[in-house]
Amino acid sequence: MKKGESGFFLVREEILPEAIKKTIKVKELLKRGEARTINEAVSRMDLSRSAYYKYKDYVFPFYEASKNKIVTLTFLLDHKKGVLSDVLTTIAHDSGSVLTINQGIPLQGVANVTISIETINLSVDLEALLDKLRMIDGVKRLDVLGQV
């Protein structure tokens, strides 16, 4: 990146400074209505108002960055009847729009599957959908490959 340009990075929560983690939690408290004011939320999180205002426009959960996007997911599925169907049904149930499906030939009892979905009409946030997909019997692994 050139000087003065900014970009987006996917960073694991564990390495974030405490002030950024607390800023995210303050935003969640406000969004869920668990705190009525910014003062109340920052007080509950033991965060200064100045730290909150410093970071609030620059940090947000992954699912918020994924709204109105095309997200590509890669799966490792058991090669057994109905697993892919359950994945597709779960996506459809939460109003995800499947754009592409690519499935490899099953090897050693598992198959690689790549699915691209449009998230604009999701009835849940992307993280909730990913959690549901991971819980499907036969889903061995699920990763977000990318988003546009």
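All of these numbers come straight from a predicted model, not from anything done at the bench.
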Residues passing the salt bridge (Lys or Arg N to Asp or Glu O under 4.0 Å) test with Arg141, sequence neighbours excluded, are Asp143
Donor-acceptor pair, Lys27 side chain versus Lys56 backbone, under 3.5 Å?
-> yes
Hits for salt bridge (Lys or Arg N to Asp or Glu O under 4.0 Å) against Glu14, two or more places apart or cross-chain, chain-then-number order -> Arg12
Residues in salt bridge (Lys or Arg N to Asp or Glu O under 4.0 Å) with Asp137, at least two apart?
-> Lys80
State, with a plain yes or no, whether a side-chain heavy atom of Leu84 is found less than 4.5 Å away from one of Ile115.
-> yes
Residue pairs involving residues 88-101 (criterion salt bridge (charged side-chain N to carboxylate O under 4.0 Å, His left out); sequence neighbours excluded) = Asp94-Lys132
Which residues pass the side chain to side chain donor-acceptor pair (under 3.5 Å) test with Ser123, sequence neighbours left out?
-> none
Considering all heavy atoms of both residues, which atom of Leu133 and which atom of Val139 are nearest to each other, and what is their separation?
-> O-CG2, 3.4 Å
Determine whether Leu142 and Thr74 make a side-chain contact, defined as any pair of heavy atoms from C-beta on separated by less than 4.5 Å.
-> no
For residues 100-115, pull every pair meeting side chain to side chain donor-acceptor pair (under 3.5 Å), keeping only residues two or more places apart or in separate chains.
-> Thr100-Ser116
Hydrophobic cluster membership, Ile15 vs Val59, 4.5 Å side-chain cutoff = yes
Which pair of non-hydrogen atoms, one from Pro106 and one from Ala111, has the smallest distance, and what is that distance?
-> CA-CB, 4.1 Å
Those residues at least two apart in sequence (or on a different chain) that pass side chain to side chain contact (heavy atoms under 4.5 Å, CB included) with Thr37 are Asn39, Glu40
Would you say Val87 and Leu145 are hydrophobically clustered, going by side-chain heavy atoms of ILVMFWY under 4.5 Å?
-> no
By the rule that ILVMFWY residues connect when side-chain heavy atoms come within less than 4.5 angstrom, directly or transitively, which residues belong alongside Val110?
-> Leu76
Connected to Tyr53, directly or through other members, by ILVMFWY side-chain contacts below 4.5 Å are Val26, Leu29, Leu30, Ile38, Val42, Met45, Leu47, Tyr52
Partners passing salt bridge (Lys or Arg N to Asp or Glu O under 4.0 Å) against Lys54 (at least two apart in sequence or in another chain) | none
Side chain to side chain contact (heavy atoms under 4.5 Å, CB included) against Ser97, all qualifying residues, sequence neighbours excluded | Leu99, Glu118
In this structure, which one of Asp78, Asp86, Leu77 forms a side-chain contact (heavy atoms from CB on, under 4.5 Å) with Ile136?
-> Asp86
Summary of salt bridge (charged side-chain N to carboxylate O under 4.0 Å, His left out) pairs that have at least one residue in residues 16-26, sequence neighbours excluded = none
